[in-house]
Structure formats: structure tokens, C-alpha cells
Amino acid sequence: MTDTATATVNDPRWARVVARDKSADGEFWYSVMTTGVYCRPSCPSRGANPRNVAFHDSLEAAKATGFRPCKRCDPDGTSRDAGNAELIAKACRLIERSEDAPSLETLAEAVGLSVSHFHRSFKTLTGLTPKGYSAAHRASRLRERLAEVPTVTEAIFDAGFNSSGRFYENSDGILGMSPTRYRAGGANEEIRFAIGQSSLGAILVASSAKGVVAILIGDDPGRLARDLQDRFPKARLVGGDHDYETLVASVVGLVEAPARGHDLPLDIRGTAFQERVWQALRRIPAGTTASYADIAAQLGQPKAVRAVAGACAANNIAVAIPCHRVVRSDGALSGYAWGVERKRRLLQSEADA
């Protein structure tokens, strides 16, 4: 192998070109001397010989080679994924502004896509169907209005529910409890919990009637119990019985071998945006990582990097919602609610699996 080829292969950008990594589009470009073209990293063309490849940090630098833009990947234009992300973001804004949930056909027509393509792209980018996104947004709006207006009925209609009767039929699924109990801050909601031990320290597992609401990790079991109380200040906390230890054991097993995945029932509570972020986190394959910017781009909101970081920090369910797989754009490990060293060990465990 020539020195040029060796330098190319050893450049971390080469692996992303070989993988046709769409997330690398816009970060760099590459040119191929023998074909006289420059491309984006995700170009689907036949792989080039590394000795003929040069990398460029900007589109202007790629153009300065005098080569022509590749016709297959159109490196001068918006990537297909980025274009789709913009269209899906437009659809999300349309859903959020509409009093009634727009039909699938209406949304697809508004962004100029076929119904099937739109539905597939929407779910890929947001982790939710348009109907699911609309429901999550209305639930988030309802939570806000319950804290602002004098009556539950007013909050229901302000949030976009056009029938209080239909809302009450599904209120437990929307809020996890009745709106009156939610308004009271979850007063008298029963949450069972127990504490176990793992190689990462003490683990507190807490569940509602719907599923796991919290997995907390730390050094001090007492502090974890107080943390749970702070997160659910008006709930009635009940120590788990002997049967509950089976669930705790399952969570400990997940922490010890996170790459195996889980089938735990989860009771996920957050804003519409937070739930979209958490859905995206659950799609990151074990043994890999994504940056906060990657997640923001997937959601069609590339400028929402700080909001993504905030959603990760607000995650109550460690490991099962794998915020430990999110790193900085330079690959460095950033803050983790349960300690950066635990984050490092979780990632290493997945890499070794």
C-alpha cells in the first residue's frame, strides 16, 4: 500500500466513507482523482481506491480541486436525508399549530410527498407516527394548560381535544392518571420501589401501574430514595415486596449487560420533545454512539442541540433509555446524570459484548 493510501485508510473519515455514513454529510467531502469528481460521504457510488482519494473540510475546498460534483450524490445540494428532515420538521410545526390533528393525507400533501413515503420518513426521523406525534404534543400541551387554567375542562379543550368524553376514555393512557390527580401533582399515585446492587453501585427501580418510571444509579441507597421522592414529590412511595425483586433483578441484569436489550414495560413521562429524543436514543444500536447534534438532526431540528442535551439530562430511566450512548461531536464523553465513569463503563461493556 502506498503512503497516500495508508494515510487515507488511517484517517477516521475513510471508515465513514466506506460505511456511507449519512450523518457525516456536511461535515466533510472527498474527491476521487481517477474519476475527477467530488462526493459527500454517503455517496452510493462504487467504492474508490483509497490511494486516489483526498478529503476536504468544506464544500469550497472540494470545488477548488477543479473536479465536477458527483451526479449520484449531488454534493453541492441538500442531502436527501436533510431535505426529508426539513419537510418532516415542517409537518411537525403544522401538527403543533392545528387545533385538530391533520389527516395523514393533508400532511403529506402539505410537504409534497406521497402518503407512504411521508409516513415512513416521519416515523424514521421522529420515532413516532404522525398520529402518535400529534397525541404526544396534545398531551404535553394538556400538562401545561392544567397548570395554567382554572378548570380541567378548559385545559382539555385548549390542548386540542374536541371532546371531553373521548379524552376521559383515554386519560390514563395520555397522562398516566386522571387529569385531576395529575393536576394535584400525582398526589396519592402509588409508586413501588426497591433498591439492588450492581457493579455500577446501588440501583433504585420504581414502577407505577403502567411500568418502570425510574431507574436511578448511585453510591448511596438513601440518597437514591430521597432522589426518587424529589422526582415524584406527591406520589405515595411503597417499598416493593418479594415478587418485586424479580423486576429489580431484571434491571440489574440490564445494567450488567446493556447490549442484550430489554423488554421492561416503561412508563415514560415527558414533554413531546423529550419523548421524541428518548425514542431516538432507544434506536441507537448497542455498541455505538451518536452525538447530540446527530439526534437533533434526526429530529429535523439541527439547532436544538442544547434541548437534546436537556432531554438527556431529564431522563429518569437509566440504561433502558440509553442516554449513555450520546456523546459530544468530537467523541468525548460529556456529562451523565449518574457519573461519567459509569457512562464509560456502560459503553465499554457494550463494546466488549
Side-chain angles (χ1 to χ4, degrees), residues 172-173 175-177 181-182 185-270 274-275 277-279 281-287 311-326 335-353:
D172 282 358
L175 294 173
M177 63 190 80
R181 286 180 64 194
Y182 182 87
N188 298 318
E189 178 188 15
E190 183 175 292
I191 292 180
R192 301 168 68 199
F193 75 98
I195 298 174
Q197 288 290 328
S198 77
S199 61
L200 295 183
I203 295 179
L204 183 148
V205 183
S207 304
S208 69
K210 289 181 61 179
V212 174
V213 294
I215 299 175
L216 312 178
I217 307 173
D219 297 318
D220 182 351
R223 184 171 181 178
L224 291 181
R226 292 191 295 274
D227 187 7
L228 180 67
Q229 183 70 72
D230 290 342
R231 292 170 190 256
F232 301 93
K234 296 185 179 181
R236 184 161 59 92
L237 304 183
V238 179
D241 54 21
H242 178 73
D243 292 338
Y244 196 75
E245 293 179 4
T246 302
L247 177 61
V248 177
S250 297
V251 173
V252 171
L254 172 64
V255 169
E256 300 297 350
R260 294 180 183 175
H262 70 91
D263 57 359
L264 298 170
L266 303 181
D267 182 356
I268 299 173
R269 306 180 183 190
Q274 286 173 337
E275 291 186 13
V277 172
W278 298 337
Q279 288 276 7
L281 301 187
R282 296 175 72 185
R283 293 196 300 271
I284 303 173
C312 290
N315 174 27
N316 287 333
I317 307 177
V319 189
I321 297 179
C323 53
H324 63 276
R325 294 177 189 158
V326 186
Y336 184 54
W338 297 282
V340 172
E341 182 54 32
R342 289 190 176 94
K343 182 173 187 173
R344 189 188 315 280
R345 290 168 64 182
L346 284 167
L347 291 174
Q348 188 60 54
S349 174
E350 293 182 358
D352 293 342

Would Asn315 and Val277 count as a side-chain contact (heavy atoms from CB on, under 4.5 Å) here? Give the steps. CA-CA 10 Å; Asn315 174 27; Val277 172; over 6 Å; no
Considering residues at least two apart in sequence or located in another chain, which fulfil the side-chain contact (heavy atoms from CB on, under 4.5 Å) criterion with [X]?
X: Arg282; value: His262, Leu266, Ile268, Ile321, Pro322
X: Asp227; value: Leu216, Arg231
X: Pro221; value: Ile195, Gln197, Ala202
X: Ala209; value: none

Nearest heavy-atom neighbours spanning Cys323 and Tyr336: SG-CE1, 3.6 Å
Heavy-atom closest pair (Ala257 atom, Ser349 atom, distance to 0.1 Å) is CA-OG, 4.4 Å
Would you find a donor on one side and an acceptor on the other, under 3.5 Å apart, between the side chain of Tyr244 and the backbone of Arg192? yes
Look at the side chain of Glu256 and the backbone N and O of Ser198, then say whether any donor-acceptor pair between them is shorter than 3.5 Å. no
Count the heavy atoms of every other residue, nucleotide or ligand shown that sit under 6.0 Å from CZ of Arg223, and state whether that count exceeds 12. no
By salt bridge (Lys or Arg N to Asp or Glu O under 4.0 Å), Arg344 pairs with (sequence neighbours left out) Glu341
Nearest-0.5 Å distance that lies between atom CD1 in Ile191 and atom CD in Gln229: 9.0 Å
Interatomic distance, CH2@Trp338 vs CD1@Ile203, rounded to 0.5 Å, equals 11.0 Å
Donor-acceptor pairs are to be reported for all side-chain atoms of residues 247-254 against protein atoms at under 3.5 Å, with residues two or more places apart or in another chain.
{"unit_1": "Ser250", "atom_1": "OG", "unit_2": "Thr246", "atom_2": "O", "d": "3.2"}

Please name all residues satisfying side-chain hydrogen bond (donor to acceptor under 3.5 Å, both in side chains) with [X], sequence neighbours left out, ordered by chain then number.
X: Glu350; result: His324, Arg325
X: Asp352; result: Gln348
X: Glu245; result: none
X: Asp219; result: Arg342

Tell me, do Ile317 and Leu264 make a side-chain contact under 4.5 Å, heavy atoms counted? no
Holding to ring pair (Phe, Tyr, Trp, His ring centres under 6.0 Å), I want the full list of residues that pass it with Phe193, two or more places apart in sequence or in another chain. none
Which one of Leu237, Val205, Asn316 satisfies the side chain to side chain contact (heavy atoms under 4.5 Å, CB included) criterion with Leu228? Leu237
